[in-house]
Amino acid sequence: MSRVRFVSVEDVFLAFEPAAADVGESGSAEDPVAFLAGLLAADKPLAALRFVSYVLPRRECVWWCVQSVRRMAAPPPGSRDETALIVAEDWVRDPSEAPRRRALEIGLASGPVGACQMAALAAGWSGGNKVLDDDKPVPAEPFATARIAQGAVLTAIARHPPEKQFGLMAVCAEAGRRFAAGEPLTFSSPAPST
């Protein structure tokens, strides 16, 4: 059974203001999963990857993001990066305020912000306050999880040689397409080597 809650591509673009510009396509009455397949068939993996982040519900988007980042970046056990991915996964399993807040804290912690911290922010920006200051809250935009999730996956892919990046985008986008269609989240090729 499909994980997509939208009937058409146009519905996705209406729900998330930056989606059409991010994907670079116009809205249509086409089914979102069929649209994803069409983007991949037309060799537009970047557009497909971006669309996946909008079409999946937030929890599923974070799960896809974390698993894609793990596959593309493979952080060492016990590292700050691994911790960021673990807290994002914790939120997927328990999408309540305490895990969301922990993911937000890890994602906004000082230090270099890379793909793993961005994955934590995808969970942290899933709703509620997107800053740590509760006295001056900034509500998370409806598209915040999708935008940071696609950024996390693209940042992880950018660690690889340019000649491999197009193919890696296609691997992540195809995994997301199948996941959106209701299949398990699996990746069609072996983990990339850096």
Side-chain angles (χ1 to χ4, degrees), residues 2-25 27 32 36 46-70 72-73 75 80-158 172-173 176 179-180 185:
S2 174
R3 291 179 171 88
V4 178
R5 65 182 194 263
F6 300 101
V7 174
S8 71
V9 174
E10 185 175 22
D11 291 341
V12 176
F13 290 169
L14 288 172
F16 302 111
E17 180 264 325
D22 282 355
V23 176
E25 300 285 331
L36 273 168
L46 177 59
L49 187 147
R50 288 180 168 159
F51 191 69
V52 163
S53 72
Y54 287 110
V55 80
L56 287 171
R58 286 184 184 104
R59 282 177 65 201
E60 288 83 351
C61 179
V62 171
W63 187 253
W64 165 78
C65 170
V66 168
Q67 301 315 312
S68 296
V69 169
R70 275 194 190 286
M72 299 299 133
R80 175 179 180 253
D81 288 346
E82 176 67 11
T83 299
L85 295 179
I86 289 169
V87 299
E89 288 174 332
D90 288 346
W91 175 81
V92 170
R93 290 182 187 98
D94 175 13
S96 63
E97 181 60 15
R100 185 199 72 81
R101 181 68 181 207
R102 178 76 177 131
L104 181 67
E105 290 167 356
I106 296 291
L108 293 176
S110 62
V113 175
C116 298
Q117 288 70 39
M118 293 168 80
L121 282 177
W125 288 353
S126 62
N129 187 4
K130 69 183 256 187
V131 298
L132 296 174
D133 185 354
D134 290 328
D135 293 331
K136 296 179 184 173
V138 176
E141 302 90 348
F143 55 81
T145 291
R147 295 279 317 268
I148 197 74
Q150 63 184 263
V153 176
L154 291 170
T155 298
I157 289 170
C172 293
F179 191 48
L185 182 60

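Position 1 is the first residue of the sequence, and the numbers go up from there. In what follows, every heavy atom counts, from backbone to side chain, and hydrogens, waters and symmetry copies are set aside.
The minimum heavy-atom distance between A48 and L36, with the atom names listed, is O-CD2, 3.4 Å. Taking all atoms of both residues into account, the shortest heavy-atom contact from G27 to V9 is CA-CG1, 4.1 Å. For the pair F6 and A15, the tightest heavy-atom approach, listed with the atom from each and the gap, is CE2-CB, 3.6 Å. The heavy-atom pair separating M72 from C172 by the smallest distance is CE-SG, 3.6 Å. Scanning all heavy atoms of the two residues, the minimum distance from A119 to V66 falls at CB-CG2, 4.1 Å. Closest heavy-atom contact between M118 and T155: SD-OG1, 3.6 Å.
When the side-chain contact (heavy atoms from CB on, under 4.5 Å) test is applied to I106, the partners found at least two apart in sequence or on another chain are T83, A84, V87, R102, A120. For E17, the side-chain contact (heavy atoms from CB on, under 4.5 Å) partners at least two apart in sequence or on another chain are F143. Partners of V7 according to the side-chain contact (heavy atoms from CB on, under 4.5 Å) rule, which considers only residues two or more places apart in sequence or in another chain, are D11. In this structure D90 satisfies the side chain to side chain donor-acceptor pair (under 3.5 Å) test with no other residue, sequence neighbours excluded. With sequence neighbours left out, the side-chain contact (heavy atoms from CB on, under 4.5 Å) criterion links L108 to L104, L121, L132. Listed by chain and residue number, nothing satisfies the side chain to side chain donor-acceptor pair (under 3.5 Å) test with D135 (two or more places apart in sequence, or in another chain). Partners of E25 according to the salt bridge (Lys or Arg N to Asp or Glu O under 4.0 Å) rule, which considers only residues two or more places apart in sequence or in another chain, are K44. Evaluation of the side chain to side chain donor-acceptor pair (under 3.5 Å) rule for E89 yields Q67, R70 as partners, not counting sequence neighbours.
F179 is listed as a side-chain neighbour of W63, based on a closest heavy-atom distance under 4.5 Å. R58 places a side-chain heavy atom less than 4.5 Å from the side chain of W91. Within the 4.5 Å cutoff, the side chain of Y54 has heavy atoms near those of the P18 side chain. No side-chain heavy atom of R100 sits under 4.5 Å from any side-chain heavy atom of P95. Between P75 and L85, some side-chain heavy-atom pair lies under the 4.5 Å cut-off. In this structure the side chain of V23 never reaches within 4.5 angstrom of the side chain of V12, judged on heavy atoms. Using a 4.5 Å heavy-atom threshold, the side chains of P139 and N129 count as separate.
For the atom pair CD (E60) and SG (C65), the distance works out to 13.5 Å, reported to the nearest 0.5 Å. We find the OG-CG distance between S68 and L185 to be 6.5 Å, quoted to the nearest 0.5 Å. Atom OG1 of T145 sits about 12.5 Å away from atom CZ of R59, to the nearest 0.5 Å.
One N or O on the side chain of S2 and one on the backbone of A180 form a donor-acceptor pair closer than 3.5 Å.
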Fill in: Audit row: D134, R101, salt bridge (charged side-chain N to carboxylate O under 4.0 Å, His left out) steps and yes/no
CA-CA 11 Å; D134 290 328; R101 181 68 181 207; 3.0 Å; yes

Fill in: Trace of the side chain to side chain contact (heavy atoms under 4.5 Å, CB included) decision for C116 with V69
CA-CA 7 Å; C116 298; V69 169; 3.9 Å; yes

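Contacts classified as salt bridge (Lys or Arg N to Asp or Glu O under 4.0 Å) and involving residues 46-56 (residues at least two apart or in different chains) are not found. Pairs passing the salt bridge (Lys or Arg N to Asp or Glu O under 4.0 Å) check and including a residue from residues 145-156, sequence neighbours excluded, read D22-R147. Among residues at least two apart or in separate chains, salt bridge (Lys or Arg N to Asp or Glu O under 4.0 Å) pairs with a member in residues 112-133 are K130-E141. Identified under the side chain to side chain donor-acceptor pair (under 3.5 Å) test for residues 111-123, with sequence neighbours left out: D81-Q117.
Between F13 and F51, the ring planes are perpendicular. Angles over 60° get that label, and only those under 30° would be called parallel.
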